[in-house]
Structures are given as C-alpha cells and as structure tokens.
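Okay, structure first, notes after.
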Amino acid sequence: MAPSPAPRTEHQQCLATVNATLTLLSRFTSALGTSETNYVADISVLDLLAKSATLIKAHTTKLSLLMINKPFTPSAIRKIVDTMSSEALTGMASGVQLCDPPHYTQLLHDEVTQRVRRVYRELQALMQEMLVLLEAMEKEDKTVVGRDTLASTGVLWEACDAVIELGKFGLAGLVVVKAQQYRNLLEDAISELKEWVEGDEDDDEDEEDDAESFDGGDDESDDIGKLLSGSGSLPKSRPDLKETAELAQKTLRLISTLYLAVNKRRLKGLPALAIPENARLDSAMNELKIIPEEVDELVSACYDLDNEQARARIKAVVDHGKAVVVQLRKGWKDQDDEFTAWSSRWEEAIDKE
C-alpha cells in the first residue's frame, strides 16, 4: 500500500489559494471580451458591482496589512483570499454578465467592462506580488523584496472606487459626464483652431527670415519640418484656408451649443428607459463621441494646409451633429417639447453656415 502524501503546510495551502485566485481572475478577464450577457429583471447590476468592489477594498486592506507585517501568517492570508474569491470576485463577474447592452445600453456595458477590467488587472498584480513573497518565505529566502504594497493596494482601491462611482452615477449620471467630457474636447479644439488662425502678426516675416538662414544641414531638419507643416499659424498667403478655418469655428460653436442643449433637455434626469429608447440613447451618445474625433481630424487638416480635407471634415462634423438631432428630436416618451422646437432652429442655423 502506497504511503499517504504528506499533508500540505500552511504555506503550500496559501500558495494554492493564491494561484487559484489568479486562475479565476484570468478566466474572468477573458470573459470580459465575450458578448455573453444575461439580463435578470430583479437584480440591480450597479448595486451588485458596487458592493463587490467595496468588499474587494475591504479584503485587500486586510491583506495589505498582513503583507507589510512580518512574519506572514499564511492561514490568515488564505482565509481572506478564499473569501474574496468566492464572494466579491464572483459577485463582480456576475454583475458584468448581467449588464447586457439591450437593457442597460451599450454605453453602460462598455463602461462597466472597462472599469472592472482595471480592477482585475490591479488585483492580479497584487496577487502576483503576494505569490512572490510567499514563495520566498517558504524557501526562507530573505533577499526577495516585494513592491511597495501600500502603493499597489492604493491603485487597486482607485480602480474599485471607479466601479463604486458607477453605482452612484447610474446611467443618467454617466451620460451627462460623458457628454460634458466630449464637449470639453470640442472646446479645446476650438481654442486651438482660434489660436492657429490668429497667430502672430510677424509670423510670415519670421518664416522668411528662418528660411533664409537654412543651409540644408541635418541639424535643422526639425525646423524645416515645422515650417513645412504649417502648424505654427495660418499662412497669410492662404485666404482660402482662412475662410475655411473661420467657417469651422462658427460651425463648431454651434455644435458646442448642441452639446449643452442635449445635456440639459435630454440627458439630465434621464428616466429608466425601455429597450427602443436605449438604442436611441446609444446611437446619440456614439455620435457625440465621434464629433470630437472628427474635429481633431479637421484641425490636423488645417495644420497640413489641406483646404479640401478641412472642408470635408466640417461637413462630417455637421452630419454627425444632425444625426444627434435625429435621435433626440423627440422626448423619451416620443413627445414634442422645447428641445424639439429648438433643434429645428439649430438645424436652420447650421445650414446657413
């Protein structure tokens, strides 16, 4: 009869638990990239995610204290890690799976996925650090020094706080914040374009002086590139581009007012939506997100002195703005209201530009 295997030590049991948690985290992380979601009507997904994130913070606080106080107590570490895996991590994974796009919007689903992915990543880093220290302790290797445990735990807490924040915001709060972020990007681009158009009065003279000073040496290649790019300011020799840039500024200011009106009249106080309205909201938010990206391309076209491309980007920005209006013209109960009338006037104004 073969002898029974020797019972595992506390260190070995703790190592096994940490490794099992790392495997679980890897599986949960991989699942974030899938489209498998299941809606359950009587479960508040954001509450579930927030509670799970709060538990992870509490458990990792205890783990952090155990890791910085020597000697380690593997039995205590194992118990905390095991509890965290079976409760908090499983709860968070369930929350992601329950947050299906048709019922919660693609926007919220993507935001949940992004924030939970960060929690998993930072928790994996902490578990890896713990693994290294446990293995060193088992080998009685005192030369191994872990990272700054408190610092790495702090990063994990920030990731958990971002998930908890979603529970406080809700969908309504999230879309308001997102729309404002997109508008801020737009405003930055407007300021940048305005500065480029105004430039310095002596820019052209400076460019001529700089051009005469070039001797073709390699050291001045960066200066040549800067002049050729036209990114310093609008050349006075390009009245066509000046006209386009001025049109762009007028158009972008009108687009900026659209963001303000949408936020005030459609997004603030957003009700719980049915599936068709969720699709409308997703579509509108996607257009609001694309507009700053198009504006970046517009500004780049101006810097490249490409008038034709700049004009094309202005048209694209207008088209996306009109697409927002199409989705949000009527209220969430399919009714005409103040925004409905305002949006018609807005379209007339932007078509005159």
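Keep in mind that this is a model prediction, so the values were computed, not measured.
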L171 and V175: CA distance, side-chain angles, deciding distance, side chain to side chain contact (heavy atoms under 4.5 Å, CB included) verdict: CA-CA 6 Å; L171 176 60; V175 294; 3.9 Å; yes
Test side chain to side chain contact (heavy atoms under 4.5 Å, CB included) applied to E158 and R118, step by step: CA-CA 10 Å; E158 289 178 6; R118 185 184 171 204; 3.5 Å; yes
Candidate pair D334 and R280, rule salt bridge (charged side-chain N to carboxylate O under 4.0 Å, His left out), full reasoning: CA-CA 11 Å; D334 201 34; R280 266 211 296 158; 5.6 Å; no
Residues K178, M285; criterion side chain to side chain contact (heavy atoms under 4.5 Å, CB included); working and verdict: CA-CA 8 Å; K178 286 290 184 182; M285 291 301 296; 3.8 Å; yes
Audit row: T153, T60, side-chain hydrogen bond (donor to acceptor under 3.5 Å, both in side chains) steps and yes/no: CA-CA 7 Å; T153 307; T60 52; over 6 Å; no
Side chain to side chain contact (heavy atoms under 4.5 Å, CB included) evaluation trace for E277 with L281: CA-CA 6 Å; E277 282 71 28; L281 178 61; over 6 Å; no
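Following chains of ILVMFWY side-chain contacts shorter than 4.5 Å, one cannot reach F169 starting from L98, and the two form parts of different hydrophobic clusters. Side-chain heavy atoms closer than 4.5 Å link hydrophobic residues (I, L, V, M, F, W, Y) into clusters, and following such links, even through other members, never connects V324 to V326. Under the 4.5 Å side-chain heavy-atom criterion for Ile, Leu, Val, Met, Phe, Trp and Tyr, Y182 and I290 are members of distinct hydrophobic clusters. Transitive grouping of hydrophobic side chains (ILVMFWY, heavy atoms separated by less than 4.5 Å) brings L166 and I43 into a common cluster. Put simply, L49 and L55 are part of two different groups of oily side chains (I, L, V, M, F, W, Y) that touch within less than 4.5 Å, one to the next.
Residues I350 and I255 have side chains in contact (heavy-atom distance under 4.5 Å, counting atoms from C-beta outward). At a threshold of 4.5 Å between non-hydrogen side-chain atoms, the residues R311 and L247 count as touching. Residues W157 and T61 meet the side-chain proximity criterion, which asks for heavy atoms closer than 4.5 Å. Looking at heavy atoms from C-beta onward, Y120 lies in side-chain contact with L32 at the 4.5 angstrom threshold. Side-chain contact check for Q12 versus P74: every heavy-atom pair is 4.5 Å or farther apart. Annotation: side chain of N307 is not in contact with side chain of E243 (no heavy-atom distance under 4.5 Å). Residues D296 and P292 are not in side-chain contact: their nearest non-hydrogen atoms beyond the backbone lie 4.5 Å or more apart. Between M130 and V81, the closest side-chain pair of non-hydrogen atoms falls below 4.5 Å.
A distance-only check finds no donor-acceptor pair linking the side chain of R265 to the backbone of F339 [under 3.5 Å]. Under the 3.5 Å distance criterion, the side-chain polar atoms of D282 are left unmatched by any main-chain donor or acceptor of T105. The closest donor-acceptor contact from the side chain of H109 to the backbone of D100 lies at 3.5 Å or more, if one exists at all. A donor-acceptor pair is defined here as one N or O able to donate and one able to accept, closer than 3.5 Å; such a pair exists between the side chain of T90 and the backbone of S85. Of the possible donor and acceptor atoms, one in the side chain of S30 sits under 3.5 Å from a partner among the backbone N and O of S26. In terms of modelled atom types and a separation under 3.5 Å, the side chain of D82 and the main chain of R78 share no donor-acceptor contact. Using a distance-only test at 3.5 Å, with no hydrogens or angles considered, no donor-acceptor pair links the side chain of S256 to the main chain of L252. The backbone N or O of D337 sits less than 3.5 Å from a side-chain atom of T340, completing a donor-acceptor pair.
Residues K194 and E198 are paired through a salt bridge, judged by an N-O separation under 4.0 Å between the basic side chain and the carboxylate. The residues D47 and K51 are annotated as not salt-bridged, no charged nitrogen and carboxylate oxygen being separated by less than 4.0 angstrom. By the 4.0 Å N-to-carboxylate-O rule, R115 lies close enough to E111 to be salt-bridged with it. Salt bridge annotation for D306-R313: absent, with no cationic side-chain nitrogen under 4.0 angstrom from a carboxylate oxygen.
Within a 6.0 Å sphere centred on NZ of K242, other residues, nucleotides and ligands contribute 12 heavy atoms or fewer. Atom CD of E353 has more than 12 neighbouring heavy atoms from other residues, nucleotides or ligands inside a 6.0 Å radius. Enclosure of atom NZ in K289 is not indicated, since only 12 or fewer non-hydrogen atoms of other residues, nucleotides or ligands lie within 6.0 angstrom. For E308, the CD atom sits in a loose shell: 12 or fewer heavy atoms of surrounding residues, nucleotides or ligands are nearer than 6.0 Å.
Considering all non-hydrogen atoms of both residues, L134 and C14 come closest at CD1-SG, 3.6 Å. Across every non-hydrogen atom of A179 and L267, the tightest pair is CB-CD1, 3.7 Å. Across L305 and W196, no two heavy atoms sit closer than the pair CD2-CZ2, 4.1 Å. For the residue pair C160 and V119, the shortest heavy atom distance occurs at N-CG2, 3.9 Å. Among all heavy-atom pairs drawn from V325 and S343, the shortest one is CG1-CB, 3.7 Å. Closest of all the heavy-atom pairs between L66 and A76 is CD1-CB, 4.0 Å.
Judged purely by distance below 3.5 Å, without hydrogens or angles, the side chains of N184 and Q180 pair a donor atom with an acceptor atom.
We find the CZ-OG1 distance between R183 and T257 to be 8.5 Å, quoted to the nearest 0.5 Å. Expressed to the nearest 0.5 Å, how far CG of L15 lies from OG1 of T9 amounts to 7.5 Å. For the atom pair CZ of R27 and OG1 of T29, the computed distance is 10.5 Å after rounding to the nearest 0.5 Å. A distance of 10.0 Å separates CG of L126 from CG of L22, quoted to the nearest 0.5 Å. A distance of 14.5 Å separates NZ of K57 from CE of M84, quoted to the nearest 0.5 Å. Interatomic distance, CD1 of I314 versus NZ of K250, reported as 11.0 Å (0.5 Å rounding).
Among the candidates V295, L258, V317, the single residue satisfying the side-chain contact (heavy atoms from CB on, under 4.5 Å) test with L186 is V295.
With sequence neighbours excluded, no residue forms a ring-ring contact (aromatic ring centres under 6.0 Å, His included) with Y259.
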